[in-house]
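Throughout, protein chains are lettered first and strands after them, A, B, ... in sequence-line order, and every chain is numbered starting at 1. Side chains included, hydrogens not; waters and symmetry mates left out as well; all remaining heavy atoms used.
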2 protein chains.
Amino acid sequence: MNIYDIAAEAGTSISTVSRVLNNKGNVNPKIRDRVEAVLKKYDYKPSAIARGMVSKTMKNIAILTVDVRVTHYARMIYVIEQEFSNLGYNVSVCNTGGSIQECNRYFEILSEKQTDGIVLIGSVFNELIKYPEITAKIKDTPVVIANGQVKLPNFYSVLVDDTKAIRMASDYMFDHGRMDLFYVFDIATDSGRAKRQGFLEAMKLRDVPDGNDRVPEDIAITGCNNSPDSRICEPELATLDNKPELLGGMCASLLRDRMEGKESATSVAIQPELVVRGSASF
Amino acid sequence: MNIYDIAAEAGTSISTVSRVLNNKGNVNPKIRDRVEAVLKKYDYKPSAIARGMVSKTMKNIAILTVDVRVTHYARMIYVIEQEFSNLGYNVSVCNTGGSIQECNRYFEILSEKQTDGIVLIGSVFNELIKYPEITAKIKDTPVVIANGQVKLPNFYSVLVDDTKAIRMASDYMFDHGRMDLFYVFDIATDSGRAKRQGFLEAMKLRDVPDGNDRVPEDIAITGCNNSPDSRICEPELATLDNKPELLGGMCASLLRDRMEGKESATSVAIQPELVVRGSASF
DNA sequence: TTGAAAGCGATACCAG
DNA sequence: CTGGTATCGCTTTCAA
């Protein structure tokens, strides 16, 4: 079912159907009604690909990030997706793992698909400036780097002043008489270095005593999902691992089978596993 | 620069260039070399849109989820993206917020774009069975639901046995003499109900005393990112809010400006904010 | 082995 | 206001 079929059934030309589809030009109300009736009858939606052929855009943007599982990145991705979704765009997410080669691979595909814009999340992408042959691949696509900067005509930046941030925190500590500060350095990105440069930061985690109940002796706890959070307390939380990676992997291979027309199960089940840890170890 | 230009410069026809591009048919090595030289000279990449026009696929899949910021979902998205990325697909992420109307909106766009497959993450999507006019929009697209099930010809499922999971945990508690169990019910999805149905679960969080240092009296702490994690301990962690939502939003609007050809700043800076909480309140 | 030509499904210009 | 036609850039027959 294409625009020709619609035109034929409505007894008019594809030009007129196109006008109705796009609310363009003046169309005789009678004919318009006829066309709209056919459109509704088949719940017709024009092919975005054919349209893209003419307009040179598929209304797609892409976000490249080291890893969507990092909550900090996910929060940004969420906002960007919502914003563009409201504009009729789709947002594809690319996990590069911080590898320039992966980045290169994505750039190739994205440029072939005429992606309308790219957002790079994380200062790791500052590395790109060293690889002109890679950035050349997307030289006609607007690129925004979150918390990074690459001096190229099509690159734009949104920067967070990390140095100032840590400086503020350190000052605050010193001003309150905390002279023995620790700074835990996480990764050697530009952002990480900027933070360290902010001077010093006090970090050390200890529990505050509260009441006399002990875990697990007096109170035992188990939770769900085996999230990383379950290991950040003392004692560690026992939890149910419902295997999101496995689940995701199964979804992917099931979908792949379907897309290839392969025979496959309609539904697959996963057995969760109980992970015993300190909060419930007897 | 298109396939005609390449053909012209290589002194051959577009058919032959197409053959070289796709490693198809037999091509005279001499001509092949000539074509490849031109291809390399311009670092030519064929238009995926034009190709899609013929092949009816853009090698794109979509993941619909309530919210990519939920770590549990992000972990699944990561795996799915990696899997399909290796196959040359792009994966777009859609945050529906659990709204069927949003879901409907996405389905419309995805079907116009001839998306090759859809993954639905979360049992909220079970609701879809009540809206045949919505599922009809993607009736020719394979759909996989993670932890959900909709009885339709093109829908497939990967299920987690939530009831059994909670049952295991409860049994484990009871078997160890914990008779006073609490179960904290989170949301009224099918998955949530399945878990509750698993019987009872003990949950209650308390700290274990350890050492005599007190926070913030003896040790003061500040961290980075203002992540939700910073509020799950007692006292709450002071933190630096570097405003990922704002950052994401700025990225989006900057990118949008660029895509519309609007004049705009090349780079924008955000000032982080110190959030004082219990772990560092003096 | 090669190339001419017919689609693919829209948009847009230009006559009428 | 309407419709014929060129066009977008590729893949795929079909002859030669």
Report task. Could you state the atom-to-atom distance from CE of A:Met53 to P of C:dC8 in whole Å? Result -> 14 Å

**Report entry** Any donor-acceptor N/O pair, A:Ser55 side chain to A:Arg51 backbone, under 3.5 Å
**Finding:** yes

Query raised in the report: For C:dG3, does either OP1 or OP2 sit under 4.0 Å from a side-chain N or O belonging to B:Ser13?
Result: yes

Query - Separation of C:dG7 P from A:Ile14 CD1 (nearest whole Å) - result: 14 Å

Query raised in the report: Distance check: side-chain N/O of B:Asn2 vs OP1/OP2 of D:dC8, anything under 4.0 Å?
Result: no

Query raised in the report: Under a 4.0 Å N-O cut-off, is there an ion pair linking B:Arg105 with B:Glu108?
Result: no

Report summary line: Separation of C:dA10 atom C1' from B:Arg51 atom CZ, nearest Å, is 20 Å

Report task. May I have the distance from A:Arg19 (atom CZ) to D:dG4 (atom C1'), rounded to whole angstrom? Result -> 11 Å

Report task. Select base, sugar-phosphate, or nothing to describe what A:Ile49 touches, counting heavy atoms under 4.0 Å on all strands. Result -> nothing

Query raised in the report: Is any side-chain N or O of B:Lys56 closer than 4.0 Å to OP1 or OP2 of D:dT11?
Result: no

Query raised in the report: To the nearest Å, how far apart are A:Leu39 CG and C:dA10 P?
Result: 10 Å

Report summary line: Between CD1 of B:Ile3 and P of D:dC10 the distance, given in whole Å, is 5 Å

Report task. Verify, without hydrogens or angle tests, whether B:Asp5 (side chain) and B:Asn2 (backbone) share a donor-acceptor contact under 3.5 angstrom. Result -> yes

Query - Side-chain donor/acceptor of A:Tyr4 to base of C:dC8, under 3.5 Å - result: no

Query raised in the report: What about B:Ser15, does its side chain sit under 3.5 Å from the base of C:dA4 through a donor-acceptor pair?
Result: yes

Query raised in the report: Would a distance-only check, ignoring hydrogens and angles, find a side-chain to backbone donor-acceptor pair under 3.5 Å from B:Asn28 to B:Lys30?
Result: yes

Query raised in the report: Checking B:Lys59 against B:Tyr89: charged group under 6.0 Å from the ring centre and within 45 degrees of the axis?
Result: yes

Requested in this report: Using the closest heavy atom to pick a nucleotide of DNA chain C for each, name whichever of B:Thr16 or A:Val54 lands nearer the 5' end.
Outcome: B:Thr16

Report task. Indicate whether OP1 or OP2 belonging to C:dA10 is found under 4.0 Å from a side-chain N or O atom of A:Tyr44. Result -> yes

Requested in this report: To the nearest Å, give me how far apart NZ (A:Lys45) and C1' (C:dA10) are.
Outcome: 16 Å

Requested in this report: Would you please confirm or rule out a distance under 4.0 Å between OP1 or OP2 of D:dG3 and any side-chain N or O of A:Thr12?
Outcome: yes

Query raised in the report: Can you find a side chain N or O atom of B:Lys24 that sits less than 4.0 Å from OP1 or OP2 on D:dT12?
Result: yes

Query raised in the report: Would you say A:Ser18 reaches C:dA10's phosphate, i.e. side-chain N/O to OP1/OP2 under 4.0 Å?
Result: no

Query - B:Leu21 CG to D:dC10 P, straight-line distance once rounded to whole Å - result: 8 Å

